Amino acid sequence: MATNRTFTMLKPDAVKDGHIGAILEQITASGFRIVAMKLTQLTTADAKAFYAVHSERPFYGELVEYMTSGPIVAAILEKENAVEDFRTLIGATNPEEAAEGTIRKKYAKSIGENAIHGSDSDENAAIEGAFHFAGREQF
Ligand code: IDP
Ligand code: MG
């Protein structure tokens, strides 16, 4: 099922460094509408569940620790071709490989502390959005 929504998190490093406003400005200026949004903090159980697909990877423990280290901004975004266009906007996982002008190129510190999450498929966008937001919190 193709949808026009994606899910994002501004990760703990981006929030701690004061980049919420600048990143949200770039997202909305790129044509995404905010459907749902909140400042929240993941518990260890939340982060483990959210990133369960990576549980066998060597960086899983580090990822869970990092993602629970401080508040994040979680949001659902809407735009035509949302998932693919948002992945283009945020850039490659490793900021050293991210294109000029992308959010990760501008704000990520490393492949681990990389400022922002973007869903990788319509299916995961729906799962991840529902993980954070009830239907009545989506506009
Ligand atoms: P993505 O966020 O670009 O989709 P994934 O491969 O799904 O990248 O990895 C999820 C998250 O795990 C990354 O955004 C990053 O925070 C972290 N991560 C990925 N690869 C590494 C690594 O090699 N070392 C440390 N952390 C990593
Ligand atoms: Mg991913």
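Given the structure is predicted, the values throughout are model-derived calculations rather than measurements. Each ligand, and each atom within it, is numbered from 1 in the order the structure gives.
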Identify, by atom number and element, the atoms of ligand 1 in contact range of Arg87, meaning under 4.0 Å from any of its heavy atoms.
1 (P), 3 (O), 4 (O)
Element-labelled atoms of ligand 1 that are located less than 4.0 Å from some non-hydrogen atom of Glu62
25 (C)
Under 4.0 Å, counting heavy atoms only: does Met9 come that close to any atom of ligand 1?
no
Hey, is Lys11 touching ligand 1 through its side chain, its backbone, both or neither, going by heavy atoms under 4.0 Å?
side chain
Return the option from Gly112, Ser119, Gly118 holding the heavy atom at the smallest distance from atom 16 (O) of ligand 1.
Gly112
At less than 4.0 angstrom from any non-hydrogen atom of Asn114, what atoms of ligand 1 do you find?
13 (C), 14 (O), 15 (C), 16 (O)
Residue pair His132 / Phe7, side-chain heavy-atom distance below 4.5 Å
yes
Can you confirm whether more than 12 heavy atoms, excluding those of Lys79, are under 6.0 Å from its NZ atom?
yes
As an exercise, state the distance from CZ of Phe59 to CD of Glu65, rounded to the nearest 0.5 Å.
14.5 Å
Evaluate Phe59 for polar contact with ligand 1, using N/O atom pairs at a separation under 3.5 Å.
no
Evaluating non-hydrogen atoms only, which member of Val64, Asn124, Asn94, Thr93 is closest to atom 1 (P) of ligand 1?
Thr93
If the contact criterion is a heavy-atom separation under 4.0 Å, does Met67 count as touching ligand 1?
no
Is ligand 1 under 4.0 Å from a heavy atom in the side chain of Leu63, in the backbone, in both, or in neither?
side chain
Nearest protein heavy atom to atom 2 (O) of ligand 1, by residue and atom, and its distance?
Arg104 NH2, 3.0 Å
Around atom CD of Glu137, are there more than 12 heavy atoms from other residues, nucleotides or ligands closer than 6.0 Å?
yes
Let me see the working for Lys16 and Lys11 under side chain to side chain contact (heavy atoms under 4.5 Å, CB included), right down to the final yes or no.
CA-CA 9 Å; Lys16 209 171 300 167; Lys11 296 185 177 183; over 6 Å; no
Please say whether the positively charged group of Lys38, taken as NZ for Lys or CZ for Arg, lies over the ring of Phe133, i.e. under 6.0 angstrom from the six-membered ring centre and within 45 degrees of the axis.
yes
Of all the non-hydrogen atoms in the protein, which one sits nearest to atom 15 (C) of ligand 1, and at what distance?
Ile111 O, 3.2 Å
Report the C-alpha separation of Ile90 and Asn114 in whole Å, then their side-chain angles, then the decisive distance to 0.1 Å, and conclude whether the side chain to side chain contact (heavy atoms under 4.5 Å, CB included) test is met.
CA-CA 10 Å; Ile90 70 178; Asn114 61 0; over 6 Å; no
Answer yes or no: does atom CD of Glu84 have more than 12 heavy-atom neighbours from other residues, nucleotides or ligands under 6.0 Å?
no
Side-chain donor-acceptor pair present, Thr88, Asp85, cut-off under 3.5 Å:
no
Compute the minimum heavy-atom distance from His54 to ligand 1 and say whether it is under 4.0 Å.
yes
